[in-house]
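Below: one structure, written as structure tokens.
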Amino acid sequence: MYLTQSLHRGTRAHPNKLATIFGARRNDYATVTDRVARLAGALRAQGVATGDRVGILALNSDRYFEYFYATWWAGAVVNPCNTRWSVAEIAYSLQDCDTRVLLIDDSFLPKLPELRAQASCLRVVIHCGDEPTTEGLLRYDDLVARSAPAEEQLRAGEDLAGIFYTGGTTGFPKGVMLPHRALYANALALCSAYGGDMGQMVGLHAAPMFHLADGMYLQALAFAGATHVMLPAFTPDAVAAAIEREKITAALLVPTMIQMLVDSPAAKAHDLSGLKLLMYGGSPISEAVIDRALAVMPRLNMLQAYGMTEMAPVVTILPAEYHTPGEGRARGKVRSAGKPCSICDAKIIDEDGVEVPRGTVGEIAVRGPGMMLGYWKKAAETEKAIRGGWYHTGDGAYMDADGFIFIADRLKDMIVTGGENVYSVEVENAVAQHPAVLQCAVIAIPDDRWGELVHACVVLRPGVSVSLEELQGHCKVRIANYKIPRSMQVIDGLPMSGAGKILKNKLREPFWAGRERRVG
């Protein structure tokens with residue numbers, strides 16, 4: 001299983017079919033494959049050897065697509081940087097896995113001096129934007145134009161394909177090592193879950209392409225020979241206009257994006273009825289939003305996916321039939337995360353690793369070809385996560401008699417806001433560095449728009465005070481914007497167990513009373 005197979009198949013089967021669309025740039029499969037081979041040649045000429053890491057810090061574009069496949073063609077390993085992270089977090093991910101080559105677009109060029117100061121590993125920076133290239137950087141299109149196609153390295157199977165950084169329970173990001181096998185298997189799983197001919201799809205990339213969810217979706221579309229349409233970022237107006245203009249039939253969005261799209265004036269101003277497949281995940285979605293989506297997109301098949309980076313990423317899928325009003329909704333499965341996908345085996349276990357009876361809450365453990373090789377240079381955390389051949393997710397759930405998994409809560413202390421995962425310890429580490437803060441605990445509180453918000457419970461040092469705005473400014477230079485507390489309460493002390501553990505459930509209770517807490 002090697003990921004560049006998709007390009008070879010597409011070039012031989014339909015060389016003149018459009019592969020990528022980004023604004024006015026439109027390239028067919030034959031052209032994209034040639035550009036990928038030439039970019040791979042440029043990477044090798046810049047000293048990229050088999051197994052080396054190549055990073056990208058950019059918004060969505062056709063060049064992002066080419067970066068993935070060129071890196072694999074060259075035998076190297078992708079490191080897609082989270083564009084929402086702070087410079088310090090991005091620099092850590094680059095330095096941690098010794099990423100020496102970085103592609104960067106116009107949006108992030110202003111951050112390059114600071115990034116270079118914190119990531120001494122960087123040796124080569126390639127400008128993949130459209131603005132004039134800064135002196136000292138290599139220009140993407142010039143490299144593609146003048147480089148000879150590289151000989152394909154044909155890395156496959158257990159060979160490392162990518163290091164995907166995710167928030168860490170220790171306060172530092174963890175590099176999840178995924179082999180070609182894992183990414184390829186997930187592409188097959190999505191094609192299987194849809195059931196139709198994905199090769200006829202025109203797929204939209206509006207969710208961030210650094211996210212592994214979009215990466216899996218991209219590879220599934222490429223595997224089937226579909227057309228990819230990229231938008232730099234999500235806005236309801238841009239998405240609605242693109243769906244109508246490019247006759248888009250498939251999209252992957254987080255629930256917050258879906259709600260913003262269907263509730264926007266753009267949903268009425270444009271024809272969205274051509275959309276057939278909409279995948280979502282990352283956070284809960286209400287039945288009311290599902291109904292509003294189906295009202296403006298009547299041909300829509302909605303698929304919910306639950307998963308994590310460590311499984312590349314899909315674990316379960318809830319098919320379209322359970323989203324539809326009437327009989328489908330009456331089955332009561334729409335509140336579930338679905339059943340294990342075609343490549344996953346999942347069970348619910350107790351603290352001793354023993355499978356619990358149906359209907360009993362325990363921890364989800366999964367295994368399958370999508371499983372990671374481990375965490376980059378974190379052997380102890382890898383051994384803790386993968387035990388007996390099973391990945392222990394840290395998510396609490398129960399399985400019903402029909403095999404559907406219902407997420408009950410997170411055993412890991414994680415917040416999901418707008419589809420982004422936030423580990424509370426990362427935020428707590430930042431908040432605790434403020435000189436006015438004696439103790440703090442960060443929890444999730446409900447929000448109708450974002451699903452959950454980051455909320456800080458703070459114990460102050462005697463005789464001092466701090467405002468929410470001051471605390472947010474303090475955190476801004478340390479963590480990504482979406483991790484910054486959106487609300488704060490000052491309390492006299494944190495509730496503790498007899499063993500001295502902070503009882504976050506006590507802090508959460510007033511906010512979640514009367515609500516059903518569920519992870520999508």
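Residue numbers count from 1 along this sequence. The basis for the numbers below is simple: all heavy atoms, side chains too, and nothing from hydrogens, waters or symmetry mates.
- Just one residue in the list Glu420, Glu89, Arg84, Lys476 forms a side chain to side chain contact (heavy atoms under 4.5 Å, CB included) with Lys483, and that residue is Glu89.
- Between Asp141 and Arg63 there is a salt bridge, since at least one side-chain N of the basic residue sits less than 4.0 Å from a carboxylate O of the acidic one.
- Looking at Ser86, its side chain never comes within 3.5 Å of a backbone N or O of Val477 through a donor-acceptor pair.
- Side-chain contact check for Cys81 versus Phe108: every heavy-atom pair is 4.5 Å or farther apart.
- Leu18 CG to Asn27 CG: the interatomic distance, rounded to the nearest 0.5 Å, is 8.5 Å.
- The distance from atom CD1 of Ile163 to atom OG1 of Thr309, rounded to the nearest 0.5 Å, is 13.0 Å.
- Classified by interplanar angle (parallel below 30°, tilted 30° to 60°, perpendicular above 60°), the ring pair Trp72/Tyr69 is perpendicular.
- There is a side-chain donor-acceptor pair under 3.5 Å between His392 and Arg387.
- Salt bridge present: Asp130 and Arg25 bring a charged side-chain N and a carboxylate O closer than 4.0 Å.
- Formation of a donor-acceptor pair under 3.5 Å by the Ser192 side chain with backbone atoms of Leu188 is not found in this model.
- Listed by first and then second residue, the ring pair (Phe, Tyr, Trp, His ring centres under 6.0 Å) pairs involving residues 5-60 are His8-Trp73, His14-Tyr29 (not counting sequence neighbours).
- Under the 4.5 Å side-chain criterion, counting only non-hydrogen atoms from C-beta, Thr316 is not in contact with Lys339.
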Tell me, with the steps shown, if His127 and Asp106 meet side-chain hydrogen bond (donor to acceptor under 3.5 Å, both in side chains).
CA-CA 8 Å; His127 176 216; Asp106 300 328; 2.6 Å; yes
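- Glu158 contributes no side-chain N or O that, together with a main-chain N or O of Pro179, makes up a donor-acceptor pair within less than 3.5 Å.
- Atom CZ of Arg100 sits in a sparse spot, with 12 or fewer heavy atoms from other residues, nucleotides or ligands closer than 6.0 Å.
- Under the 3.5 Å distance criterion, the side-chain polar atoms of Glu452 are matched with a main-chain donor or acceptor of Val416.
- Separation of atoms CD (Gln219) and CG (Leu212) is listed at 7.5 Å; rounding is to 0.5 Å.
- For Asn301 (side chain) and Leu277 (main-chain N/O), no donor-acceptor pair under 3.5 Å exists by modelled atom type.
- Distance CG/Asp395 to CD/Glu363: 8.0 Å, rounded to 0.5 Å.
- For Asn186 (side chain) and Ala312 (main-chain N/O), a donor-acceptor pair under 3.5 Å exists by modelled atom type.
- Remark: side-chain polar atoms of Thr33 are not paired, donor with acceptor, to backbone N or O of Ala30 under 3.5 angstrom.
- Looking at Ile56 and Tyr64, their side chains come closer than 4.5 Å, going by heavy atoms from C-beta outward.
- Remark: Arg35 CZ to Thr20 OG1 distance equals 8.0 Å, nearest 0.5 Å.
- Here the straight-line distance linking atom CG of Leu103 with atom CG of Leu39 works out to 6.5 Å at 0.5 Å rounding.
- Panel note: side chain Arg146, backbone Val144; no donor-acceptor pair is recorded below 3.5 Å.
- Using a 4.0 Å cut-off between charged nitrogen and carboxylate oxygen, Arg38 and Glu66 do not count as a salt-bridge pair.
- Applying the ring pair (Phe, Tyr, Trp, His ring centres under 6.0 Å) test to pairs two or more places apart or on separate chains, those with a residue in residues 216-237 are Phe65-His228, Tyr184-Phe223, His205-Tyr217, His205-His228.
- Taking both residues in full, the closest heavy atoms of Asp52 and Gly47 are given as OD2-O, 3.7 Å, listed atom of the first, atom of the second, then distance.
- Side chain of Gln153 to main chain of Glu151: a donor-acceptor pair is present (N/O by atom type, distance under 3.5 Å, no hydrogens or angles).
- Under the 3.5 Å distance criterion, the side-chain polar atoms of Arg478 are left unmatched by any main-chain donor or acceptor of Val427.
- Residues Ile484 and Ile479 are in side-chain contact: their nearest non-hydrogen atoms beyond the backbone lie under 4.5 Å apart.
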